Amino acid sequence: MGTLLQDIKYGIRQLYMSPCFTICTILVLSLGIAACTAFFSAWDGIRDWSLPFDRSDRLVSIWSKSRNPRHSHFPRLNCSFPDYQDFVAQNTVFETLAAQGYRTMNLTGRDEPLALTGWAITDNLFEVFRKQPVLGRSFLPEEISAEQSQVVILSHALWQQAFSQDPDILGQDVTLDNRVYNVVGIAHPDMDYRQGFSAQFYIPLTSSPSESRSRHALQVFGRLHPTVTLQAATAEMKTIAARLEAQYPESNKDFTVLLIPLQELLFGKVQGTVVTMMAAAVLLLLVASTNIANLFLSRMDRRSQEMAVRSAIGAGRWQLSRLVLIESLLISLVSGLIGFVGATGSMGLMRRGMNLITSSGGMAGIPRITINPGILFFTLGLSIIVTLCFGLLPAWKTSQTSPLQSLRTKARGSSRSRHGRHLAHVLVTAQIALAVVLLVGAGLLVKSLIQLRLSSPGFNPVNLMTLQITLPQSRAYETDRQRADFCRAVLTQLQNIPGVSHVAATNIIPVSDFNFMRGFQILDRTSQSPDDSMAAEFRTVSTDYFTTLGMPLIKGRLFQETDAGNLHVVIVDEEFVRRYFPNQDPIGQRIALGAPCEIIGVVGNHQTGTRINEQTFPHMYRPLRQACMERIVFIARTQTDPLTLAESMRRAVWAVDVKQPINHIQPMQGIIHDTRATYRLSSFVLNLFAGGALILITVGLYGVTASTITQRTREIGIRKAFGACHVDIIKSIIGTGLILTGLGITVGLIVALVVCRLMGSLLYNTNPTDPISYSIVISFVGVVSLLACYIPARRAAKIDPMAALRYE
Amino acid sequence: MIKLKNIQKRYNTKAGFLYVLQQINLEIDEGEFVTIMGPSAAGKSTLLNILGMLDHDWEGEYYLNENAVHELKPKQRMALNRQYVGFVFQAFNLLDSLTVYENLDTPLSYRNVRASERAAIVCDTLDRFGIVGKKDLYPNQLSGGQQQLVAIARAVVAGPKLILADEPTGNLHSSQGQEIMELFKKLNKEGTTIIQVTHNDKYAAYGRRIIRLKDGWMDGEITPEQLVGKVS
Ligand SMILES: Nc1ncnc2c1ncn2[C@@H]1O[C@H](COP(=O)(O)OP(=O)(O)OP(=O)(O)O)[C@@H](O)[C@H]1O
Ligand SMILES: [Mg+2]
């Protein structure tokens with residue numbers, strides 16, 4: 001016991017006496033442990049995330065998939081109601097198969113009108129998820145088969161928020177879209193499993209025999225039989241789809257089905273981002289490990305000599321190993337402690353970041369990310385093993401050869417064994433190469449971010465305020481005309497707000513993932529047979545829409561108030577012309593969009609979705625007065641900060657209809673900013689890691705150069721004694737460093753060229769081989785390496801030859 | 001105690017085999033005080049390293065008290081070393097990170113001496129070498145001569161039966177050198193076998209036998225009287 005304490009004391013002193021090594025090692029190790037623990041805990045939290053349902057691995061979502069190029073930009077489509085019914089009737093692989101359709105309704109008759117989103121569901125939806133209502137009951141089959149069922153199940157969250165958890169809610173009446181519904185149940189809180197898509201209410205999905213097979217509006221979920229595999233289920237469903245295709249060619253031609261496990265459906269969206277980050281974390285760890293190896297190698301020879309002396313005066317193998325063991329335990333435990341504190345400190349950040357990522361994929365309930373003690377102990381154990389191995393190397397070497405050999409090295413004042421130096425050089429090169437890969441990745445993301453910021457969405461988003469509402473399905477807003485009148489009234493109110501210069505209305509907010517693709521035919525085109533592959537994003541807009549957003553008119557004219565007449569007019573964008581009227585003048589051409597419409601103008605393209613690298617979609621715009629839907633977005637261009645006008649804009653809506661709830665009010669720049677949040681996060685993380693890697697390679701190169709110099713002190717002294725000047729010595733030392741750097745950069749660039757190609761989908765307007773990013777990285781690494789070599793080299797040049805020679 | 005038969009040591013260099021020791025036949029009894037002399041590069045240190053079992057790479061037979069060293073594995077050789085040998089290196093080889101006191105303590109700790117006894121032995125040795133005042137200093141805070149003293153103290157601290165000293169007085173002032181020799185003489189009287197390498201005739205004369213080496217060959221053996229006579 002006494003000797004153990006003594007050994008610990010010696011170990012501490014030994015570390016204290018080589019502060020550079022100790023601090024560097026502990027710094028690198030704790031950084032590695034912190035990053036590893038934080039990121040893999042987060043990864044674990046996300047990966048371990050599972051839906052809160054019984055046997056959720058059996059839950060599958062069923063989608064329509066089209067082979068028609070017209071739908072090529074939709075990876076999958078919802079199912080149609082008749083198809084769903086056929087699936088139910090013909091399949092043998094699902095225990096239950098349920099469907100839900102998106103609905104929006106306005107809750108009125110209470111303090112403030114609320115815009116609600118919800119699902120119209122089949123009676124067995126809760127059965128699929130095995131989550132029966134916590135209060136009341138599920139829908140009855142007869143409520144589904146009836147033509148009209150005025151019953152509603154409220155979501156648990158809505159019940160809490162809007163009804164203060166009223167225990168007597170069952171049997172009460174609520175007013176939705178001006179109709180009275182009877183509350184029959186409160187859904188299980190776990191049904192809100194999908195962030196951003198959770199329902200606030202459920203109503204029966206009443207079947208109507210006239211439903212079209214072309215209306216893909218239902219989400220279908222099923223629970224597989226316990227013994228059926230996904231492959232088997234997919235095969236059977238495809239057979240059914242093929243049968244339907246043959247049976248109903250006019251609607252089902254080119255349609256098949258796609259089965260995606262629910263878990264994967266939610267997780268798949270975030271995978272790319274998460275995997276990129278994890279890859280970056282692993283790269284950083286690799287850089288850190290090579291660094292540790294190098295630090296240990298740098299004092300390998302001194303250690304070998306010490307071990308040899310100890311062995312010569314009687315130390316046994318175990319006694320030598322014990323020294324190393326204690327030392328590596330000391331280093332690892334201190335690093336582990338610092339790493340743990342670091343990881344704990346970053347957990348809050350981690351949670352926020354991961355939440356941002358996962359909510360973009362609609363996964364709810366992620367904040368369960370905590371430090372996983374298993375991972376902490378694993379990384380700690382790993383660092384103990386690594387330090388132990390490198391520490392034991394000299395001890396092992398001593399026991400392999402006679403102690404004499406190691407002693408000789410010292411007695412001759414020769415430098416470190418050639419073998420060791422080669423290994424150190426290889427490690428430094430590898431480290432620089434890894435860092436270059438990380439830096440290039442980070443650089444490309446930064447370039448993309450800059451490009452994104454410089455990019456125009458196709459309109460001027462500065463000082464634009466948006467306000468979204470959904471009109472209720474009530475008699476007051478039954479026709480296009482009525483809805484258009486409401487719009488016009490609100491627009492007049494908005495126009496009167498001081499500080500507002502232009503106002504407009506449309507059905508879909510300019511930047512959103514809400515697609516509304518509509519097919520059309522080109523009329524008067526004799527040469528071509530009818531082609532059903534023509535489609536474009538459809539928007540209805542008020543007269544001032546393009547002026548308000550600042551979208552340029554390329555050709556023809558914009559809408560005028562007089563377009564409200566019978567003549568059907570349409571404005572298209574440049575992409576539309578490029579695709580469907582190449583080398584032709586589109587003005588005056590007519591397309592069939594329900595009714596025949598004449599193209600009167602061409603405007604500039606604009607960004608449609610929120611995704612970074614979305615293709616440009618063709619758009620067609622119709623006047624709002626001719627086709628106005630329930631969903632309305634008001635857009636106001638303001639002369640001041642748009643946020644200051646939020647309240648007056650709300651009041652403008654209520655001035656027209658005091659019962660109309662407001663879904664969302666946000667400045668346009670905020671919307672665009674939000675869509676880039678995950679992107680900024682991954683760029684931030686990658687840059688953080690790249691910065692860490694840069695520090696590590698600096699430490700690594702510095703360490704290797706410095707230790708070479710320590711070993712060459714005598715040699716340098718002699719050279720100086722024989723007349724070498726500062727520059728000669730600095731040159732000879734920097735030379736090696738630069739060769740290693742050059743080698744590392746070359747290898748790193750080659751790897752980066754391959755690896756960064758995989759990042760293609762994360763880049764915006766940036767080539768994975770972007771020469772500017774690459775040259776910046778090269779010069780950056782070059783300068784840093786030069787510095788890392790120059791500082792110790794200058795010190796070497798100042799060596800006093802007499803002192804150096806007296807050393808021996 | 002020691003019996004060497006046809007010991008041979010060679011290095012494999014680019015220019016071919018370099019024989020550093022050849023046909024060394026030597027017997028040393030327990031309690032002897034032997035000096036090895038010879039010009040530089042004669043192979044003195046090499047021979048001493050073989051005797052101390054620090055070098056494993058040689059040919060011939062080496063018996064140490066019935067132990068056939070040439071048949072032992074490296075690990076067993078080191079165990080023998082621990083049991084018999086106290087070594088003074090030509091280049092001191094003190095442990096830089098340990099104080100003088102701790103440097104003396106390490107050989108004892110490797111021989112599983114109890115802590116209480118260790119303190120007494122170390123203090124006694126410090127006292128004997130007159131370095132009590134330096135006990136808390138580190139090697140790099142000592143002069144070359146002081147380092148040599150510590151290196152010798154470390155060799156004797158564990159009470160070895162065989163002391164191998166490679167130029168133990170090289171860096172010492174002549175009076176200090178004399179003291180060391182007297183100390184060796186005293187230890188030798190108490191029964192310790194001592195083999196030393198030296199270039200100094202006066203110190204060489206402390207040995208009862210003087211073995212001469214030249215170019216790796218045994219170059220005869222003389223008595224101290226002969227040496228003195230030759231000098232005068
Ligand atoms: N690793 C080696 N490779 C080749 N030759 C070696 C090696 N080590 C030692 N020698 C040679 O062995 C010979 C004997 O060396 P040794 O150190 O035994 O001499 P020495 O008699 O102790 O000399 P000094 O009095 O100068 O200490 C020398 O010629 C030396 O060059
Ligand atoms: Mg010698």
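Chain letters run A, B, ... following the sequence lines, proteins first and then strands; every chain starts at 1. All values reported here derive from a predicted model rather than from experimental measurement.
Proximity to chain A (any heavy atom under 4.5 Å) is restricted, for B/R154, to the side chain, taken from C-beta onward. For B/D105, the part sitting under 4.5 Å from any heavy atom of chain A is the side chain, from C-beta outward, and nothing else. With a 4.5 angstrom heavy-atom cutoff, B/R118 touches chain A only via side-chain atoms. Using a 4.5 Å cut-off between heavy atoms, B/T99 touches chain A through backbone and side chain atoms alike. B/Q83 does not touch chain A: none of its heavy atoms, backbone or side chain, sits under 4.5 Å away.
Looking only at side-chain heavy atoms (C-beta outward), B/M1 and B/L64 come within less than 4.5 Å of each other.
Looking only at distances, no side-chain donor or acceptor of B/R82 sits under 3.5 Å from a matching main-chain atom of B/R111. A distance-only check finds no donor-acceptor pair linking the side chain of A/Q14 to the backbone of A/L323 [under 3.5 Å]. In this structure, the side chain of A/T22 engages the main chain of A/L15 through a donor-acceptor pair within 3.5 Å. Although no hydrogens or angles enter the test, the distance criterion places a donor-acceptor pair under 3.5 Å between the side chain of A/T25 and the main chain of A/F21.
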